[in-house]
Amino acid sequence: MRKLPPERWFPHIRSEICIYSTHTRTVRSGWTCGRHVHHMLFEINLVLEGTQTAIAGSTEYEQQAGDLMLISPMQMHDYQIRGHENATFFVMHFQVDDPLFLKLFEMNNKGLYTKGDPLNTLLVPLVENLMEALYEDSKSTSKLFLHLFTLITELQSYFEQESQGKEPNLRSELSYLIAKQVETLVLSSDTDISDASGDWLENISHQLGVSRRHCHRVFKQFYGMSPREYLMILKRQEAMQMLVSSSESIESIGHRIGYENVQSFSRQFAAWTGCTPGTFRRNHQDKVLHLTPLDR
């Protein structure tokens with residue numbers, strides 16, 4: 001160990017890490033997860049048996065048993081079973097407050113890591129350790145988070161090696177900041193989205209010091225959707241989550257996400273899901289909702 005100075009004070013350090021909607025599941029032929037996006041969550045999907053089609057952005061992958069799929073935050077994705085056999089998978093979503101990790105992940109993530117790929121070989125045993133810790137069902141989470149931190153550390157080290165010589169993507173940083181600003185329109189209790197007219201993107205652009213046109217173009221090029229499309233996805237997912245996890249009235253939920261009257265909200269919700277908010281609440285209350293809720 002190198003010689004240390006006799007005295008040095010270090011800053012206070014606080015970080016948060018959360019795990020969401022972790023589960024194993026067996027699904028039948030014809031099943032589809034549905035096109036969705038997780039805001040600021042990383043996703044790990046490991047096929048245990050069978051084959052599934054993973055769709056990340058506009059790219060399709062055939063994910064077989066032992067193959068690992070890594071989904072970046074804000075990446076539109078879907079899973080489907082197109083063959084005649086059932087498939088079983090393990091999926092975990094986690095959020096970690098580490099901008100460097102996010103940057104490395106977005107710069108280097110290839111999506112699918114098939115069995116035998118160096119990163120697959122590195123991560124799959126760590127994912128299996130996480131699964132074992134979950135199945136132990138211990139009241140203590142220390143062991144679980146130890147396995148997750150180990151996985152994150154190994155993944156970051158691997159991506160650091162991969163990123164050597166690469167130039168950072170400034171567009172990704174701006175797109176991330178735009179996404180966070182859009183998210184506040186839904187998450188902030190001080191923000192009434194119904195008052196956020198067509199000028200909300202103009203306001204975001206002004207805050208970030210870029211033009212509205214540049215803001216729209218950069219976001220769409222990086223995430224494959226417009227800022228407005230992302231806002232609508234957040235509204236939909238927030239409405240679905242609130243309907244199944246809160247006792248708020250449908251009218252109140254509709255107003256919360258920007259609809260002035262319950263009729264407008266009900267029409268939009270039916271266009272999203274094929275059923276009314278009331279029907280959705282009756283069918284899904286007290287059940288697991290696989291769309292991860294927005295952080296509060």
Side-chain angles (χ1 to χ4, degrees), residues 17-57 59-95 109 111-115 117 119-120 123-138 141 143-145 147-148 151-152 155 233 236-237 240-241 243-245 272-275 280-295:
I17 184 167
C18 304
I19 301 174
Y20 297 92
S21 190
T22 302
H23 57 277
T24 56
R25 188 176 180 186
T26 299
V27 288
R28 298 179 178 180
S29 175
W31 172 83
T32 179
C33 177
R35 188 169 175 262
H36 64 288
V37 63
H38 300 298
H39 17 279
M40 306 309 138
L41 295 180
F42 301 87
E43 178 177 316
I44 295 174
N45 185 297
L46 175 65
V47 172
L48 304 174
E49 295 179 1
T51 301
Q52 72 177 2
T53 300
I55 306 168
T59 306
E60 294 191 1
Y61 305 92
E62 283 300 303
Q63 190 181 359
Q64 301 179 355
D67 292 350
L68 192 68
M69 193 76 190
L70 300 181
I71 300 294
S72 303
M74 290 289 298
Q75 186 172 29
M76 189 70 69
H77 60 288
D78 186 11
Y79 297 100
Q80 301 174 7
I81 307 300
R82 297 177 177 176
H84 299 294
E85 303 295 326
N86 295 349
T88 302
F89 60 84
F90 168 79
V91 65
M92 180 181 74
H93 310 86
F94 65 92
Q95 183 176 29
N109 181 31
L112 179 67
Y113 298 88
T114 56
K115 199 172 182 178
D117 181 277
L119 187 56
N120 179 293
L123 292 187
V124 167
L126 302 178
V127 173
E128 291 172 343
N129 289 340
L130 273 164
M131 292 174 62
E132 289 180 11
L134 287 162
Y135 274 109
E136 286 177 4
D137 197 25
S138 171
T141 59
K143 187 175 181 181
L144 177 63
F145 280 103
H147 289 309
L148 180 56
L151 185 149
I152 291 171
L155 185 55
I233 289 170
R236 182 189 71 202
Q237 294 186 181
M240 293 169 73
Q241 182 61 28
L243 284 167
V244 300
S245 64
W272 284 334
T273 65
C275 64
F280 182 87
R281 171 173 269 175
R282 287 191 297 273
N283 291 343
H284 293 83
Q285 210 150 30
D286 301 323
K287 296 180 181 179
V288 174
L289 184 65
H290 293 292
L291 287 173
T292 305
L294 292 169
D295 281 333

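Owing to the predicted nature of the structure, the values given are computational and were not obtained by experimental measurement.
Residue Asn45 holds its CG atom at 8.0 Å from NE2 of His93, rounded to the nearest 0.5 Å. We find the OH-OH distance between Tyr61 and Tyr113 to be 9.0 Å, quoted to the nearest 0.5 Å. In this structure, CE on Met92 lies 5.0 Å from CG on Leu148, to the nearest 0.5 angstrom. If you take CG on Leu112 and CD on Gln64, they are separated by 9.0 Å, rounding to the nearest 0.5 Å. Leu126 CG to Leu151 CG: the interatomic distance, rounded to the nearest 0.5 Å, is 5.0 Å. Separating the CG atom in Leu68 from the CD atom in Gln63 is a distance of 7.5 Å, to the nearest 0.5 Å.
Here the shortest heavy-atom pairing between Ser29 and Gly83 reads OG-O, 2.5 Å. The shortest non-hydrogen separation linking Gln75 to Ala56 is NE2-CB, 3.6 Å. Of all the heavy atoms in Asp78 and Gly34, the pair that sits closest is OD1-N, 2.8 Å.
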Inset, instruction - Could you walk me through whether Glu132 and His147 pass side-chain contact (heavy atoms from CB on, under 4.5 Å), step by step? - result: CA-CA 10 Å; Glu132 289 180 11; His147 289 309; over 6 Å; no
Inset, instruction - Test Thr24 against Tyr135 for side-chain contact (heavy atoms from CB on, under 4.5 Å), laying out the working first. - result: CA-CA 11 Å; Thr24 56; Tyr135 274 109; 3.0 Å; yes
Legend entry - Full working for side-chain contact (heavy atoms from CB on, under 4.5 Å) between Leu123 and Leu70: CA-CA 11 Å; Leu123 292 187; Leu70 300 181; 4.3 Å; yes
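In this structure, Phe90 and Leu134 have side chains that are in contact, with non-hydrogen atoms separated by less than 4.5 Å. Side-chain contact check for Leu155 versus Leu119: some heavy-atom pair is nearer than 4.5 Å. The shortest side-chain heavy-atom distance between Leu130 and Phe94 does not fall under the 4.5 Å cut-off. Asn86 has its side chain out of reach of Ile81: every pair of non-hydrogen atoms, C-beta onward, lies at least 4.5 Å apart. At a threshold of 4.5 Å between non-hydrogen side-chain atoms, the residues Val124 and Leu46 count as touching. Within the 4.5 Å cutoff, no side-chain heavy atoms of Thr141 are placed close to those of Ile19. With a 4.5 Å cut-off on side-chain heavy atoms, Met76 and Ile233 count as touching. At a threshold of 4.5 Å between non-hydrogen side-chain atoms, the residues Met69 and Phe89 do not count as touching.
Side chains of Thr53 and Glu62: a donor on one and an acceptor on the other come within 3.5 Å. Under 3.5 Å, the side chains of His77 and Glu43 contain a donor-acceptor pair of N or O atoms.
Under the rule for a side chain to side chain donor-acceptor pair (under 3.5 Å), Glu49 has no partner lying at least two apart in sequence or in another chain.
Side chain of Thr114 to backbone of Asp67: no donor-acceptor contact under 3.5 angstrom is found. Between the side chain of Arg281 and the main chain of Leu243, a donor-acceptor pair closer than 3.5 Å is present.
In the displayed structure, Arg82 atom CZ is contacted under 6.0 Å by more than 12 heavy atoms of other residues, nucleotides or ligands.
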